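Please read these numbers as outputs of a predicted model, since none were measured by experiment.
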2 protein chains.
Amino acid sequence: MISKKTKYAINALVYLAKKNDNTPILISEIAEHEHIPQKFLEAILLDLKKDGILASKKGKGGGYFLLKSPNDVNMADVMRLFDGPIALLPCVTYKYYQKCEECTDEESCGIRSVFLEVRNQTVKLLKKATLTEIIHRGN
Amino acid sequence: MISKKTKYAINALVYLAKKNDNTPILISEIAEHEHIPQKFLEAILLDLKKDGILASKKGKGGGYFLLKSPNDVNMADVMRLFDGPIALLPCVTYKYYQKCEECTDEESCGIRSVFLEVRNQTVKLLKKATLTEIIHRGN
DNA sequence: TACTTATCCTATCTACTTTATAGAGTATTG
DNA sequence: CAATACTCTATAAAGTAGATAGGATAAGTA
(Lines give C-alpha, C1' and ligand atoms only; values in the text may rest on other atoms or scores of the structure.)
Protein backbone atom coordinates (compact mmCIF):
# COMPACT_ATOMS: atom_id res chain seq x y z
CA MET A 1 0.00 0.00 0.00
CA ILE A 2 1.22 3.49 -0.73
CA SER A 3 1.34 5.91 2.20
CA LYS A 4 -1.21 8.64 2.74
CA LYS A 5 1.57 11.09 2.02
CA THR A 6 1.96 9.72 -1.50
CA LYS A 7 -1.78 9.54 -2.01
CA TYR A 8 -2.14 13.17 -0.87
CA ALA A 9 0.70 14.19 -3.17
CA ILE A 10 -0.97 12.58 -6.16
CA ASN A 11 -4.32 14.14 -5.36
CA ALA A 12 -2.71 17.56 -5.00
CA LEU A 13 -0.77 17.19 -8.23
CA VAL A 14 -3.83 16.12 -10.19
CA TYR A 15 -5.74 19.03 -8.73
CA LEU A 16 -3.05 21.46 -9.83
CA ALA A 17 -2.71 19.87 -13.25
CA LYS A 18 -6.44 20.20 -13.90
CA LYS A 19 -6.08 23.97 -13.54
CA ASN A 20 -4.06 24.18 -16.71
CA ASP A 21 -3.27 27.85 -16.17
CA ASN A 22 -0.15 28.30 -14.09
CA THR A 23 -1.49 30.77 -11.57
CA PRO A 24 -0.51 30.02 -7.96
CA ILE A 25 -3.05 28.02 -5.95
CA LEU A 26 -3.37 28.37 -2.19
CA ILE A 27 -2.35 25.44 0.03
CA SER A 28 -5.62 25.98 1.88
CA GLU A 29 -7.61 25.59 -1.31
CA ILE A 30 -5.97 22.29 -2.18
CA ALA A 31 -6.26 21.05 1.39
CA GLU A 32 -9.94 21.84 1.55
CA HIS A 33 -10.86 20.50 -1.84
CA GLU A 34 -8.89 17.27 -1.47
CA HIS A 35 -9.59 16.69 2.23
CA ILE A 36 -5.96 16.83 3.31
CA PRO A 37 -4.79 18.19 6.69
CA GLN A 38 -3.34 21.54 5.72
CA LYS A 39 -0.17 21.41 7.80
CA PHE A 40 0.57 17.94 6.49
CA LEU A 41 0.02 19.11 2.95
CA GLU A 42 2.45 21.99 3.46
CA ALA A 43 5.28 19.53 4.05
CA ILE A 44 4.27 17.45 1.05
CA LEU A 45 4.18 20.40 -1.32
CA LEU A 46 7.53 21.55 -0.02
CA ASP A 47 9.03 18.16 -0.90
CA LEU A 48 7.51 18.35 -4.37
CA LYS A 49 9.04 21.78 -4.75
CA LYS A 50 12.48 20.62 -3.63
CA ASP A 51 12.21 17.88 -6.22
CA GLY A 52 11.53 20.42 -8.94
CA ILE A 53 8.00 19.31 -9.73
CA LEU A 54 6.29 22.34 -8.22
CA ALA A 55 7.20 25.97 -7.70
CA SER A 56 5.79 28.45 -5.23
CA LYS A 57 5.20 32.11 -4.70
CA LYS A 58 5.00 33.83 -1.33
CA GLY A 59 2.81 36.65 -0.12
CA LYS A 60 -0.52 37.85 -1.43
CA GLY A 61 -1.47 36.17 -4.69
CA GLY A 62 0.98 33.41 -3.82
CA GLY A 63 0.59 29.65 -3.74
CA TYR A 64 1.83 26.58 -5.54
CA PHE A 65 1.84 25.73 -9.23
CA LEU A 66 3.28 23.08 -11.54
CA LEU A 67 6.81 23.72 -12.70
CA LYS A 68 7.17 20.56 -14.78
CA SER A 69 4.80 19.81 -17.60
CA PRO A 70 2.00 17.40 -16.62
CA ASN A 71 3.43 15.13 -19.30
CA ASP A 72 6.68 14.83 -17.38
CA VAL A 73 5.29 14.03 -13.94
CA ASN A 74 4.70 10.31 -13.53
CA MET A 75 3.58 8.12 -10.65
CA ALA A 76 6.85 6.23 -10.40
CA ASP A 77 8.74 9.40 -9.57
CA VAL A 78 6.14 10.59 -7.06
CA MET A 79 6.01 7.23 -5.30
CA ARG A 80 9.80 7.00 -5.13
CA LEU A 81 9.99 10.50 -3.70
CA PHE A 82 7.74 9.74 -0.74
CA ASP A 83 7.73 5.97 -0.26
CA GLY A 84 11.15 5.03 -1.55
CA PRO A 85 11.73 2.05 -3.82
CA ILE A 86 8.93 0.57 -5.88
CA ALA A 87 10.46 -2.90 -5.92
CA LEU A 88 9.26 -5.46 -3.39
CA LEU A 89 12.74 -6.79 -2.61
CA PRO A 90 15.94 -4.85 -1.86
CA CYS A 91 17.90 -7.00 -4.30
CA VAL A 92 15.85 -5.84 -7.30
CA THR A 93 15.99 -2.08 -6.67
CA TYR A 94 18.33 0.22 -8.47
CA LYS A 95 18.93 3.06 -6.03
CA TYR A 96 18.37 1.19 -2.78
CA TYR A 97 20.03 -2.06 -3.70
CA GLN A 98 20.91 -4.45 -0.91
CA LYS A 99 22.15 -7.99 -1.21
CA CYS A 100 20.33 -10.84 0.51
CA GLU A 101 22.81 -12.12 3.07
CA GLU A 102 22.14 -15.77 2.38
CA CYS A 103 22.22 -15.40 -1.39
CA THR A 104 25.29 -16.78 -3.12
CA ASP A 105 24.33 -16.13 -6.72
CA GLU A 106 21.66 -13.62 -7.66
CA GLU A 107 21.60 -14.66 -11.28
CA SER A 108 20.35 -18.10 -10.31
CA CYS A 109 17.90 -16.97 -7.61
CA GLY A 110 14.36 -17.97 -8.58
CA ILE A 111 12.80 -15.66 -6.02
CA ARG A 112 14.75 -12.68 -7.30
CA SER A 113 13.79 -13.54 -10.85
CA VAL A 114 10.09 -13.38 -9.98
CA PHE A 115 10.29 -10.11 -8.09
CA LEU A 116 12.47 -8.52 -10.73
CA GLU A 117 9.77 -9.22 -13.29
CA VAL A 118 7.11 -7.73 -11.00
CA ARG A 119 9.22 -4.64 -10.43
CA ASN A 120 9.90 -4.09 -14.12
CA GLN A 121 6.22 -4.42 -15.04
CA THR A 122 5.15 -2.11 -12.22
CA VAL A 123 7.71 0.57 -13.00
CA LYS A 124 6.77 0.44 -16.67
CA LEU A 125 3.09 1.03 -15.90
CA LEU A 126 3.78 3.73 -13.32
CA LYS A 127 6.13 5.60 -15.65
CA LYS A 128 3.43 5.71 -18.30
CA ALA A 129 1.00 7.12 -15.73
CA THR A 130 1.68 10.84 -16.05
CA LEU A 131 -0.65 13.54 -14.77
CA THR A 132 -1.83 14.08 -18.32
CA GLU A 133 -2.60 10.39 -18.66
CA ILE A 134 -4.49 10.30 -15.35
CA ILE A 135 -6.63 13.27 -16.24
CA HIS A 136 -7.27 11.80 -19.66
CA ARG A 137 -8.37 8.49 -18.14
CA GLY A 138 -10.85 10.21 -15.82
CA ASN A 139 -14.11 10.18 -17.78
CA MET B 1 8.73 -3.62 0.04
CA ILE B 2 7.59 -6.92 1.43
CA SER B 3 8.19 -7.47 5.15
CA LYS B 4 10.94 -9.70 6.46
CA LYS B 5 8.21 -12.01 7.67
CA THR B 6 7.06 -12.61 4.11
CA LYS B 7 10.62 -12.94 2.86
CA TYR B 8 11.40 -15.48 5.59
CA ALA B 9 8.21 -17.37 4.75
CA ILE B 10 9.15 -17.60 1.09
CA ASN B 11 12.68 -18.74 1.90
CA ALA B 12 11.37 -21.39 4.26
CA LEU B 13 8.80 -22.62 1.75
CA VAL B 14 11.34 -22.87 -1.05
CA TYR B 15 13.66 -24.74 1.28
CA LEU B 16 10.93 -27.23 2.14
CA ALA B 17 9.86 -27.59 -1.47
CA LYS B 18 13.38 -28.40 -2.56
CA LYS B 19 13.32 -31.42 -0.26
CA ASN B 20 10.74 -33.09 -2.41
CA ASP B 21 10.23 -35.93 0.05
CA ASN B 22 7.63 -35.07 2.64
CA THR B 23 9.55 -36.00 5.75
CA PRO B 24 9.26 -33.45 8.57
CA ILE B 25 12.04 -30.85 8.74
CA LEU B 26 13.08 -29.24 12.01
CA ILE B 27 12.43 -25.54 12.57
CA SER B 28 16.00 -25.26 13.76
CA GLU B 29 17.31 -26.69 10.50
CA ILE B 30 15.35 -24.19 8.40
CA ALA B 31 16.29 -21.33 10.72
CA GLU B 32 19.97 -22.12 10.52
CA HIS B 33 20.12 -22.77 6.80
CA GLU B 34 18.09 -19.69 5.86
CA HIS B 35 19.50 -17.35 8.51
CA ILE B 36 16.17 -16.70 10.20
CA PRO B 37 15.75 -16.05 13.95
CA GLN B 38 14.31 -19.34 15.16
CA LYS B 39 11.58 -17.98 17.43
CA PHE B 40 10.45 -15.63 14.72
CA LEU B 41 10.33 -18.47 12.26
CA GLU B 42 8.18 -20.55 14.63
CA ALA B 43 5.41 -17.98 14.42
CA ILE B 44 5.72 -17.80 10.64
CA LEU B 45 5.50 -21.55 10.14
CA LEU B 46 2.53 -21.68 12.47
CA ASP B 47 0.71 -19.15 10.31
CA LEU B 48 1.52 -21.17 7.21
CA LYS B 49 0.13 -24.22 8.94
CA LYS B 50 -3.09 -22.47 9.96
CA ASP B 51 -3.48 -21.43 6.34
CA GLY B 52 -3.20 -25.05 5.22
CA ILE B 53 0.03 -24.68 3.30
CA LEU B 54 2.18 -26.61 5.77
CA ALA B 55 1.55 -29.41 8.23
CA SER B 56 3.56 -30.33 11.29
CA LYS B 57 4.42 -33.24 13.48
CA LYS B 58 5.38 -33.00 17.14
CA GLY B 59 7.92 -34.91 19.16
CA LYS B 60 10.95 -36.84 17.99
CA GLY B 61 11.12 -37.12 14.24
CA GLY B 62 8.78 -34.16 14.05
CA GLY B 63 9.00 -30.90 12.15
CA TYR B 64 7.26 -29.14 9.29
CA PHE B 65 6.49 -30.31 5.78
CA LEU B 66 4.49 -29.13 2.77
CA LEU B 67 0.83 -30.07 2.83
CA LYS B 68 -0.09 -28.40 -0.45
CA SER B 69 1.62 -29.32 -3.66
CA PRO B 70 4.45 -26.91 -4.63
CA ASN B 71 2.37 -26.27 -7.73
CA ASP B 72 -0.43 -24.84 -5.65
CA VAL B 73 1.57 -22.48 -3.44
CA ASN B 74 2.02 -19.10 -5.10
CA MET B 75 3.59 -15.82 -4.03
CA ALA B 76 0.32 -13.89 -4.16
CA ASP B 77 -1.18 -16.09 -1.45
CA VAL B 78 1.92 -15.97 0.73
CA MET B 79 2.21 -12.20 0.48
CA ARG B 80 -1.46 -11.69 1.26
CA LEU B 81 -1.17 -13.95 4.28
CA PHE B 82 1.57 -11.90 5.91
CA ASP B 83 1.48 -8.43 4.40
CA GLY B 84 -2.19 -8.09 3.54
CA PRO B 85 -3.37 -6.67 0.23
CA ILE B 86 -1.12 -6.60 -2.81
CA ALA B 87 -2.81 -3.56 -4.29
CA LEU B 88 -1.28 -0.14 -3.71
CA LEU B 89 -4.61 1.59 -3.05
CA PRO B 90 -7.47 0.49 -0.78
CA CYS B 91 -10.01 1.19 -3.54
CA VAL B 92 -8.53 -1.44 -5.87
CA THR B 93 -8.33 -4.33 -3.41
CA TYR B 94 -10.84 -7.11 -3.28
CA LYS B 95 -10.80 -8.26 0.32
CA TYR B 96 -9.71 -5.03 2.00
CA TYR B 97 -11.72 -2.60 -0.10
CA GLN B 98 -12.13 0.91 1.20
CA LYS B 99 -13.59 3.85 -0.62
CA CYS B 100 -11.62 7.08 -0.97
CA GLU B 101 -13.58 9.63 1.02
CA GLU B 102 -13.29 12.37 -1.57
CA CYS B 103 -14.09 10.13 -4.52
CA THR B 104 -17.51 10.60 -6.06
CA ASP B 105 -17.27 8.15 -8.92
CA GLU B 106 -14.70 5.37 -8.97
CA GLU B 107 -15.44 4.43 -12.55
CA SER B 108 -14.21 7.81 -13.72
CA CYS B 109 -11.20 8.07 -11.39
CA GLY B 110 -8.01 8.23 -13.42
CA ILE B 111 -5.83 7.47 -10.40
CA ARG B 112 -7.81 4.36 -9.56
CA SER B 113 -7.62 3.24 -13.17
CA VAL B 114 -3.83 3.35 -13.09
CA PHE B 115 -3.47 1.51 -9.81
CA LEU B 116 -6.04 -1.09 -10.78
CA GLU B 117 -3.95 -1.93 -13.81
CA VAL B 118 -0.81 -2.19 -11.68
CA ARG B 119 -2.59 -4.44 -9.21
CA ASN B 120 -3.94 -6.74 -11.88
CA GLN B 121 -0.57 -7.13 -13.55
CA THR B 122 1.17 -7.75 -10.24
CA VAL B 123 -1.35 -10.31 -9.02
CA LYS B 124 -1.15 -12.10 -12.35
CA LEU B 125 2.63 -12.42 -12.13
CA LEU B 126 2.62 -13.41 -8.47
CA LYS B 127 -0.04 -16.06 -9.00
CA LYS B 128 2.08 -17.66 -11.69
CA ALA B 129 5.04 -17.69 -9.31
CA THR B 130 4.52 -21.00 -7.56
CA LEU B 131 7.20 -22.81 -5.56
CA THR B 132 7.67 -25.15 -8.50
CA GLU B 133 8.16 -22.20 -10.81
CA ILE B 134 10.64 -20.53 -8.47
CA ILE B 135 12.74 -23.67 -8.13
CA HIS B 136 12.61 -24.19 -11.87
CA ARG B 137 13.81 -20.66 -12.51
CA GLY B 138 16.74 -21.09 -10.15
CA ASN B 139 18.27 -23.62 -12.57
C1' DT C 1 5.18 -44.19 33.61
C1' DA C 2 8.93 -41.08 33.06
C1' DC C 3 11.91 -38.67 29.92
C1' DT C 4 13.08 -36.40 25.81
C1' DT C 5 11.93 -34.00 21.75
C1' DA C 6 9.83 -30.46 19.24
C1' DT C 7 5.89 -27.87 18.10
C1' DC C 8 2.37 -24.51 20.13
C1' DC C 9 0.83 -20.52 22.69
C1' DT C 10 0.95 -16.05 25.21
C1' DA C 11 3.05 -12.07 26.60
C1' DT C 12 6.19 -8.53 26.08
C1' DC C 13 9.69 -5.23 24.34
C1' DT C 14 12.32 -1.98 21.57
C1' DA C 15 12.86 0.74 17.70
C1' DC C 16 11.08 2.78 13.90
C1' DT C 17 7.67 4.90 10.85
C1' DT C 18 3.47 7.18 9.83
C1' DT C 19 0.42 10.77 10.44
C1' DA C 20 -0.44 14.90 12.31
C1' DT C 21 -0.12 19.44 15.06
C1' DA C 22 1.95 23.83 16.92
C1' DG C 23 4.34 27.89 16.55
C1' DA C 24 7.57 30.90 15.07
C1' DG C 25 10.22 32.68 10.89
C1' DT C 26 10.66 34.79 6.24
C1' DA C 27 9.58 36.71 1.83
C1' DT C 28 6.26 39.29 -1.01
C1' DT C 29 2.65 42.46 -2.12
C1' DG C 30 0.04 46.66 -1.80
C1' DC D 1 4.04 48.96 7.59
C1' DA D 2 0.70 45.50 7.68
C1' DA D 3 -1.40 41.61 5.71
C1' DT D 4 -0.65 37.43 3.28
C1' DA D 5 1.10 32.97 2.55
C1' DC D 6 4.84 29.99 2.14
C1' DT D 7 9.00 27.94 5.15
C1' DC D 8 11.24 25.80 8.91
C1' DT D 9 11.83 23.24 13.32
C1' DA D 10 10.20 20.67 16.91
C1' DT D 11 7.33 17.44 18.82
C1' DA D 12 3.87 13.94 19.85
C1' DA D 13 0.52 10.22 19.45
C1' DA D 14 -0.42 5.90 17.33
C1' DG D 15 0.68 2.05 14.96
C1' DT D 16 3.75 -1.61 13.05
C1' DA D 17 7.85 -4.47 12.41
C1' DG D 18 11.03 -7.41 14.20
C1' DA D 19 12.43 -10.00 17.75
C1' DT D 20 12.75 -12.52 22.41
C1' DA D 21 11.31 -15.26 26.63
C1' DG D 22 9.13 -18.81 28.94
C1' DG D 23 6.11 -22.10 29.61
C1' DA D 24 2.28 -25.48 27.72
C1' DT D 25 1.16 -29.33 24.97
C1' DA D 26 1.65 -33.42 22.20
C1' DA D 27 4.29 -37.34 20.44
C1' DG D 28 7.59 -40.75 20.46
C1' DT D 29 10.85 -43.98 23.34
C1' DA D 30 12.78 -46.74 26.93
Side-chain angles (χ1 to χ4, degrees), chain A residues 1-12 16 23-32 34-67 79 81-85 88-90 96 98 100-101, chain B residues 1-12 16 23-32 34-67 79 81-85 88-90 96 98 100-101:
Chain A
M1 288 277 174
I2 64 174
S3 65
K4 286 202 174 185
K5 212 167 183 174
T6 301
K7 180 77 196 308
Y8 290 159
I10 296 171
N11 286 140
L16 289 174
T23 52
I25 310 292
L26 290 181
I27 296 178
S28 57
E29 181 186 329
I30 306 173
E32 200 173 336
E34 299 295 320
H35 303 92
I36 306 171
Q38 179 162 343
K39 276 296 195 176
F40 199 27
L41 180 59
E42 284 183 16
I44 293 168
L45 296 177
L46 216 46
D47 284 342
L48 288 168
K49 180 189 173 184
K50 279 173 189 156
D51 201 61
I53 295 174
L54 296 181
S56 65
K57 207 182 155 202
K58 283 184 179 179
K60 181 149 192 171
Y64 276 95
F65 53 95
L66 273 174
L67 187 59
M79 283 181 57
L81 181 59
F82 293 103
D83 284 348
L88 294 170
L89 283 182
Y96 299 83
Q98 221 178 324
C100 299
E101 45 178 73
Chain B
M1 289 276 175
I2 65 174
S3 65
K4 286 204 173 183
K5 214 168 183 173
T6 300
K7 180 79 195 306
Y8 290 159
I10 295 171
N11 286 141
L16 289 175
T23 52
I25 309 292
L26 291 180
I27 295 178
S28 58
E29 182 185 329
I30 307 171
E32 199 172 336
E34 299 296 320
H35 304 91
I36 306 171
Q38 180 162 342
K39 276 295 196 177
F40 199 27
L41 180 59
E42 283 184 20
I44 293 167
L45 297 178
L46 216 47
D47 284 342
L48 289 168
K49 180 189 173 185
K50 280 173 190 156
D51 201 61
I53 294 174
L54 295 181
S56 67
K57 207 182 154 203
K58 284 184 178 179
K60 182 147 192 173
Y64 277 95
F65 53 95
L66 271 176
L67 186 60
M79 283 181 58
L81 182 59
F82 293 102
D83 284 349
L88 294 169
L89 282 183
Y96 299 83
Q98 223 177 323
C100 299
E101 44 178 72

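- Distance check, rounded to the nearest 0.5 Å: CD of Gln38(B) to CD1 of Ile30(B) gives 9.5 Å.
- The side chain of Ser28(A) places no N or O atom within less than 4.0 Å of a non-bridging phosphate oxygen (OP1 or OP2) of dA5(D).
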Identify every side-chain donor-acceptor pair in residues 43-51 of chain A under 3.5 Å, counting partners at least two apart or on other chains, and give the distances.
| residue | atom | partner | partner atom | Å |
| --- | --- | --- | --- | --- |
| Lys49(A) | NZ | Ser56(A) | OG | 3.1 |

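- In this structure, Lys7(B) atom NZ and dA19(D) atom C1' are separated by 17 Å, rounded to whole Å.
- A distance of 10.0 Å separates NZ in Lys57(A) from OG1 in Thr23(A), rounded to the nearest 0.5 Å.
- Distance CE (Met1(A)) to P (dG15(D)): 18 Å, rounded to an integer number of Å.
- Between the P atom of dA5(D) and the CD atom of Glu32(A) lies a distance of 13 Å, rounded to the nearest Å.
- Contacts of Phe65(A) classified as ring pair (Phe, Tyr, Trp, His ring centres under 6.0 Å), with partners at least two apart in sequence or in another chain: none.
- The distance between atom CD1 of Ile27(A) and atom P of dT7(D), rounded to the nearest whole Å, is 7 Å.
- Between the NZ atom in Lys7(A) and the CG atom in Asp83(A) there is a gap of 13.0 Å [rounded to 0.5 Å].
- Note: CD1 (Ile36(A)) to C1' (dT21(C)) measures 16 Å, nearest angstrom.
- Within the nucleic acid shown, Lys49(A) comes within 4.0 Å of sugar-phosphate atoms alone, with no base atom in reach, counting heavy atoms only.
- Note: CD1 (Ile25(A)) to P (dC6(D)) measures 10 Å, nearest angstrom.
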Just the atom pairs and distances: protein N or O near nucleotides 14-20 of chain C's N or O, under 3.5 Å.
| residue | atom | partner | partner atom | Å |
| --- | --- | --- | --- | --- |
| dT19(C) | OP1 | Lys4(A) | N | 3.2 |
| dT19(C) | OP2 | Lys4(A) | N | 3.2 |
| dA20(C) | OP2 | Tyr8(A) | OH | 3.3 |

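- One interatomic measurement links the two molecules: CG of Asp47(A) to C1' of dT7(D), which rounds to 12 Å at whole-angstrom precision.
- At a threshold of 4.0 angstrom between heavy atoms, the contacts of Leu26(A) are confined to the sugar-phosphate backbone, with no base atom among them.
- Residues passing the side-chain contact (heavy atoms from CB on, under 4.5 Å) test with Leu88(A), sequence neighbours excluded: Phe115(A), Val118(A), Ile2(B), Met79(B).
- Judged by distance alone with a 3.5 Å cut-off, a donor-acceptor contact links the side chain of Lys39(A) to the base of dG23(C).
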Look for any protein N or O under 3.5 Å of an N or O in nucleotides 24-30 of chain D and output each such pair with its distance, or none.
| residue | atom | partner | partner atom | Å |
| --- | --- | --- | --- | --- |
| dA26(D) | O4' | Lys58(B) | NZ | 3.1 |

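- For Leu46(A) and dA5(D), the CG to C1' distance is 13 Å, given to the nearest whole Å.
- Side-chain contact between Leu67(A) and Ile53(A): absent, with no pair of heavy atoms (C-beta onward) separated by less than 4.5 Å.
- If you check every strand for non-hydrogen atoms under 4.0 Å, Leu45(B) touches nothing.
- Not counting sequence neighbours, the partners of Glu29(A) by the side-chain contact (heavy atoms from CB on, under 4.5 Å) test are Tyr15(A), Lys19(A), Ile25(A), Leu26(A).
- Shown here for Gly63(B) and Pro24(B), the closest heavy-atom pair between the two residues is N-CB, 3.6 Å.
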